[in-house]
There are 2 protein chains.
Amino acid sequence: MQEPTYLVLVALGEKPLHGYGIMKAVETLSDGRVKIGAGTLYAALDRLAELDQVELDREETEGGRVRRYYRLTRTGRQVLAEETAVRSRYVARALAILEGKG
Amino acid sequence: MQEPTYLVLVALGEKPLHGYGIMKAVETLSDGRVKIGAGTLYAALDRLAELDQVELDREETEGGRVRRYYRLTRTGRQVLAEETAVRSRYVARALAILEGKG
DNA sequence: AACTGTATATCGTCCATCGATATATGGAGT
DNA sequence: ACTCCATATATCGATGGACGATATACAGTT
């Protein structure tokens, strides 16, 4: 799983968000480093929905603009947990190596 | 940066390795989850060399088989450190979220 | 003789990301 | 009034890294 997709899962892990909200959340989460474009985001959302990792939470209409909220499914949360565990392992290993070498 | 490429950097972070050695190191590092194919590995090595993140360490010949050892450059070590820091941040955030939700 | 492990290398395909483009509303600035 | 920016979703072509297959070659095992 690539970084943008992972960050979408992390963002949705906290609470349901709509597309634009996810973009902003990922930007904040990454200290402004990662800006997910619309193309990447909606493609990822479609893909994750197909994989039963996210699903439509609700739709809100505000000032003529529709907001489509998505949430993690149980599967999605599991995938997030597994993906995080694996990444955690790599990071721990890398930190040990980097510290050891000074 | 994608996972296989990152794992190559982590593997080389410990000590210089030859191609096949990197494959085995990554496999161990990932508990058998990630098996980098030759195509991915040598392409990544070429790319990372082009980016001045890895370089040829030495060549050894053993039983007619050449072993080409690569090592991280200073730039490569910096990139590894930065990439690790960013990933560490994401993982920490994800763990906080996952724990908070139980 | 065939298979597995070690070792490097190339090639075509696939897929997620990226950047651009489109559409639409509302608010702020000039 | 006009323009720009933020909000909001959606699609499309191009790019690039990963994947799987294939090739070559030697050594040890079955």
Side-chain angles (χ1 to χ4, degrees), chain A residues 1-12 16-30 32-51 53-70 79 83 86-87 90, chain B residues 1-12 16-30 32-51 53-70 76 79 83 86 90:
Chain A
M1 177 184 296
Q2 280 177 259
E3 193 166 72
T5 302
Y6 178 67
L7 292 175
V8 168
L9 290 187
V10 175
L12 287 179
L17 291 169
H18 56 102
Y20 193 75
I22 297 172
M23 289 188 208
K24 291 292 136 188
V26 167
E27 208 176 325
T28 302
L29 178 68
S30 69
R33 285 183 203 92
V34 180
K35 297 184 185 184
I36 298 188
T40 301
L41 179 69
Y42 293 106
L45 245 22
D46 288 348
R47 189 166 13 95
L48 289 170
E50 195 70 29
L51 292 169
Q53 289 176 29
V54 306
E55 64 191 355
L56 191 62
D57 183 65
R58 66 188 189 277
E59 282 186 351
E60 287 180 8
T61 306
E62 188 177 302
R65 291 190 296 278
V66 177
R67 285 179 173 178
R68 216 181 315 282
Y69 284 78
Y70 292 88
V79 170
E83 196 70 28
V86 170
R87 284 162 185 262
Y90 300 156
Chain B
M1 177 183 295
Q2 280 177 259
E3 192 166 71
T5 303
Y6 178 68
L7 291 175
V8 169
L9 290 187
V10 175
L12 287 178
L17 291 169
H18 56 102
Y20 193 76
I22 297 172
M23 290 188 208
K24 292 292 137 189
V26 167
E27 208 177 323
T28 301
L29 178 67
S30 68
R33 284 184 203 91
V34 180
K35 299 184 184 185
I36 297 187
T40 301
L41 179 69
Y42 293 106
L45 245 22
D46 288 349
R47 190 170 8 98
L48 289 171
E50 195 71 28
L51 293 168
Q53 290 176 28
V54 307
E55 63 191 357
L56 191 63
D57 183 64
R58 66 187 188 278
E59 282 186 352
E60 288 180 6
T61 306
E62 187 178 302
R65 290 190 297 278
V66 178
R67 286 179 173 177
R68 215 181 315 282
Y69 284 77
Y70 292 88
V79 170
E83 195 70 28
V86 170
Y90 300 155

Practice problem: Sugar-phosphate means primed atoms, P, OP1 and OP2; the rest is base. With that split, encode nucleotides 13-20 of chain C 5' to 3' as B, S or - using protein heavy atoms under 4.0 Å. | Solution: ---SSBBB

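Across every non-hydrogen atom of Y20(B) and Y42(B), the tightest pair is N-OH, 4.2 Å.
The distance between atom OH of Y70(A) and atom P of dA8(D), rounded to the nearest whole Å, is 14 Å. Protein atom CE of M23(A) is 7 Å distant from nucleotide atom P of dT9(D), rounded to whole Å. Rounded to whole Å, atom C1' of dG16(D) lies 14 Å from atom CG of L48(B). As rounded to whole Å, 15 Å separates atom C1' of dT8(C) from atom CD of E62(B). Residue H18(B) contributes atom NE2, which lies 11 Å from atom C1' of dT8(C) at whole-angstrom precision. For D46(B) and dC11(C), the CG to C1' distance is 14 Å, given to the nearest whole Å. In this structure, the CD atom of E59(B) is 11 Å from the C1' atom of dT8(C), given to the nearest Å. We find that OH of Y20(B) is positioned 13 Å from C1' of dA27(D), with the value rounded to whole Å.
The shortest distance between side-chain heavy atoms of T5(A) and R47(A) falls below 4.5 Å. Proximity of M1(B) to Q53(B): side-chain heavy atoms (C-beta onward) are separated by under 4.5 Å at one or more points. Here the side chains of V54(B) and L9(B) are in contact, with some heavy-atom distance below 4.5 Å.
Within the 4.0 Å cut-off from OP1 or OP2 of dA24(C), not a single side-chain nitrogen or oxygen of R65(A) is found. For dT9(D), neither phosphate oxygen OP1 nor OP2 lies less than 4.0 angstrom from any side-chain nitrogen or oxygen of R68(A). Contact annotation: Y42(B) reaches the phosphate of dT8(C) (side-chain N/O to OP1 or OP2, under 4.0 Å).
Within a 6.0 Å radius of CD in E50(B), other residues, nucleotides and ligands contribute 12 heavy atoms or fewer.
Figure legend: R87(A) and Y90(B) shown without cation-pi pairing, the cationic atom not lying both under 6.0 angstrom from the six-membered ring centre and within 45 degrees of its axis.
Ion pairing between a basic and an acidic side chain is recognised when a charged N comes within 4.0 Å of a carboxylate O; E62(A) and R65(A) show no such pairing.
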